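Structure first, then comments.
What you are looking at is a predicted structure, and each value in this text was computed from that prediction instead of being measured.
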Amino acid sequence: MEKLSISKEQYSDLVNLCHGVFNPLNKFVNKREFISIIKKKKFNNFYFTFPIYFGIRKNEYKELKNIKILDLYFKGNFVAKINIKNFFKIDHKFFGNKIYGKKFYNHPYYKKFKRDNFIFLDFSFLKISKKNCSPKYFTSPKNFKNFFKRKNKIKILAGFHTRNVPHTGHEWIHNSILKNYGALLIQPLIGQYKSGEYKEKIIIKSNLEALKMYNTNKAFFTPFFSYPRYAGPLEAALHAIVRRNYGCTHFWVGRDHAGFKNFFKIYASQNFCKKNQKKLKIKIIAQKEPRYCYGCEKISNKCISKNCMKSKKEKISGTKVRKYIILNKKVPEFLLNPIFAKKLNKTSLIK
């Protein structure tokens, strides 16, 4: 029996497909579906913006090209038995241009995509290990919605995506959602991270602390077990689809949601999701980013006082916070709540 050890990215995609996180997509795409999603943003007759594919490297293909039945393993544990229907290729440049734009060849995830996906598999599942496909911290949409239904007086739920310890800008957004939309789902992405970013245990613990800090029965938490694709608007729309599947009626899209450096214009993700919210079947909350105003000494996304109109406004970001931590410097309180700051140090970050 042939075996293949899969990556954490492939494993998380498999888990999400099996548990309905990417509905209506419930399997890895075949070639027709891949091209349809890339060109038309459609999976069958459903709106879908990013293909969930299963690719392998050239050396793996040489070993598997004549295999039909294959066992998939993750970290030494059996996760699924599959029947390979066929192998297919997708032009890497076609993918890169459609997803990341004209300068795709400089995008790090494109380079990774090209390196890791010599060829793609179209397969069906013969067996799935329920035990090994339910990782720590994971909650399926079905289980979360069943839990949420018991809070039957709550009819509006707004999702918030993050991959950071909550900084003061996040706190402002959380409180804005609770004030204007009724209920909040904090759903941090946990999975693949690069050096210098927070460990997933730190992300989970700090966001749970934020939940307690708000002291309300209308704030909820469950992680999104996945990884950053840095695909800007198309990935932001995928995040909206995921939150819809978790029962959210609204979704907050950030300033440069799922972006990377200057590959996408500021607010491009907001504009794209807002334009397509009917297709996404979830209402998009698209607001200007909150900043710290030195004039009124508070965080807001708009200053009402005329005295503050010309005052300096400082951007709040996780990158800034992490720089202070790396340098062993005290993080200013306008960037990070002392409750979180006193518990963070270099060991909170991935080496």
Side-chain angles (χ1 to χ4, degrees), residues 103 158 160-181 184 186 188-189 193-198 202-203 206-207 209-211 213-214 219 228 230 232-233 236 239 250-274 284-346 348-349:
K103 296 182 180 179
F160 178 75
H161 175 97
T162 183
R163 54 190 180 91
N164 272 302
V165 167
H167 54 58
T168 52
H170 292 155
E171 289 186 52
W172 185 91
I173 292 169
H174 294 164
N175 284 303
S176 175
I177 288 174
L178 287 167
K179 179 181 177 182
N180 297 304
Y181 297 94
L184 164 70
I186 300 175
L189 183 150
Y193 287 102
K194 57 187 179 182
S195 176
E197 296 198 356
Y198 294 111
I202 300 296
I203 294 169
S206 60
N207 279 283
E209 281 189 63
L211 212 67
M213 193 168 64
Y214 301 143
Y230 304 106
H239 291 167
H250 294 67
F251 181 54
W252 182 288
V253 177
R255 171 195 67 243
D256 57 350
H257 196 114
F260 180 80
K261 293 187 175 179
N262 61 348
F263 274 86
F264 308 100
K265 291 181 180 179
I266 192 166
Y267 296 115
S269 292
Q270 285 190 357
N271 295 335
F272 179 84
C273 291
K274 191 75 175 176
I284 302 300
I285 307 170
Q287 294 187 20
K288 289 185 178 180
E289 63 174 320
R291 297 190 179 206
Y292 179 76
C293 173
Y294 282 92
C296 57
E297 297 183 332
K298 67 178 184 179
I299 295 166
S300 178
N301 63 350
K302 59 181 178 180
C303 285
I304 299 172
S305 171
K306 291 181 180 179
N307 297 328
C308 295
M309 295 302 182
K310 294 183 180 180
S311 296
K312 182 184 175 183
K313 310 292 190 296
E314 183 145 354
K315 183 179 176 180
I316 304 164
S317 74
T319 302
K320 281 187 178 182
V321 173
R322 291 193 300 273
K323 282 182 179 178
Y324 278 100
I325 294 170
I326 291 168
L327 294 171
N328 284 324
K329 290 185 176 181
K330 183 181 178 181
V331 185
E333 289 189 19
F334 74 85
L335 283 178
L336 187 68
N337 192 315
I339 292 173
F340 304 124
K342 66 183 181 182
K343 297 179 182 179
L344 298 175
N345 53 51
K346 283 185 179 180
S348 306
L349 304 173

Taking all atoms of both residues into account, what is the closest heavy-atom pair of Ile203 and Pro188, and its distance?
-> CG2-CB, 3.6 Å
Gap between atom CG of Leu335 and atom OG of Ser317 - 0.5 Å precision | 7.5 Å
When rounded to the nearest 0.5 angstrom, what is the spacing between CD1 in Ile177 and CG in Leu184?
-> 5.0 Å
Could you tell me whether the side chain of Tyr198 reaches within less than 4.5 Å of the side chain of Val321, counting heavy atoms only?
-> yes
Begin from the C-alpha positions of Lys298 and Tyr292 and carry the test side chain to side chain contact (heavy atoms under 4.5 Å, CB included) through to its verdict.
-> CA-CA 6 Å; Lys298 67 178 184 179; Tyr292 179 76; 5.5 Å; no
Ser269 (side chain) donor-acceptor with Asp256 (main chain) under 3.5 angstrom | no
Separation between CG of Asn207 and CZ of Phe340, rounded to the nearest 0.5 Å = 7.5 Å
Given Leu344 and Leu336, is the side chain to side chain contact (heavy atoms under 4.5 Å, CB included) satisfied, shown in steps?
-> CA-CA 11 Å; Leu344 298 175; Leu336 187 68; 3.8 Å; yes
Taking only residues two or more places apart in sequence or in another chain, which ones pass ring-ring contact (aromatic ring centres under 6.0 Å, His included) with His239?
-> His161, Phe224, His257
Run the side-chain donor-acceptor check on residues 325-334: report pairs under 3.5 Å with partners two or more places apart or on a different chain.
none

Could you check Trp252 against Gln287 for side chain to side chain contact (heavy atoms under 4.5 Å, CB included), going step by step and ending with a plain yes or no?
-> CA-CA 8 Å; Trp252 182 288; Gln287 294 187 20; 3.8 Å; yes
All heavy atoms of Ala236 vs all of Ala258, minimum pair found to be N-CB, 4.3 Å
Begin from the C-alpha positions of Met213 and Asn337 and carry the test side chain to side chain contact (heavy atoms under 4.5 Å, CB included) through to its verdict.
-> CA-CA 11 Å; Met213 193 168 64; Asn337 192 315; 3.7 Å; yes
Between the NZ atom in Lys313 and the SG atom in Cys296, the distance rounded to the nearest 0.5 Å is 7.0 Å
Where do Tyr267 and Lys288 come nearest, in terms of heavy atoms and distance?
-> OH-CA, 3.4 Å
Scanning both residues in full, the closest heavy-atom pair of Glu314 with Tyr294 reads OE1-OH, 2.5 Å
Look at the rings of His250 and Tyr181 and say which category their plane angle falls in: under 30° parallel, 30 to 60° tilted, over 60° perpendicular.
-> tilted
Evaluate the side-chain proximity of Lys343 to Glu209: yes if any heavy-atom separation is below 4.5 Å, no if none is.
-> yes
Give a yes or no answer on whether the side chain of Trp172 reaches the backbone of Ile299 with a donor-acceptor pair at less than 3.5 Å.
-> yes
Which distance, rounded to the nearest 0.5 Å, do you find between the CZ of Arg291 and the NZ of Lys312?
-> 11.0 Å
With a 4.5 Å heavy-atom cut-off, do Val253 and Phe272 have their side chains touching?
-> no
Decide yes or no for Ile284 and Lys274: does some side-chain heavy atom of the first lie under 4.5 Å from some side-chain heavy atom of the second?
-> yes
Closest non-hydrogen contact found for Phe264 with Gly232 is CE1-N, 3.5 Å
Contact summary for Pro233 and Cys273, nearest pair of heavy atoms = O-SG, 4.3 Å
Output for pair (His170 NE2, Thr162 OG1), nearest 0.5 Å, gives 4.0 Å
Pairing residues for Tyr214 by the ring-ring contact (aromatic ring centres under 6.0 Å, His included) criterion, not counting sequence neighbours = His174
Answer whether the closest heavy-atom distance between the side chains of Lys315 and Glu289 falls below 4.5 Å.
-> yes
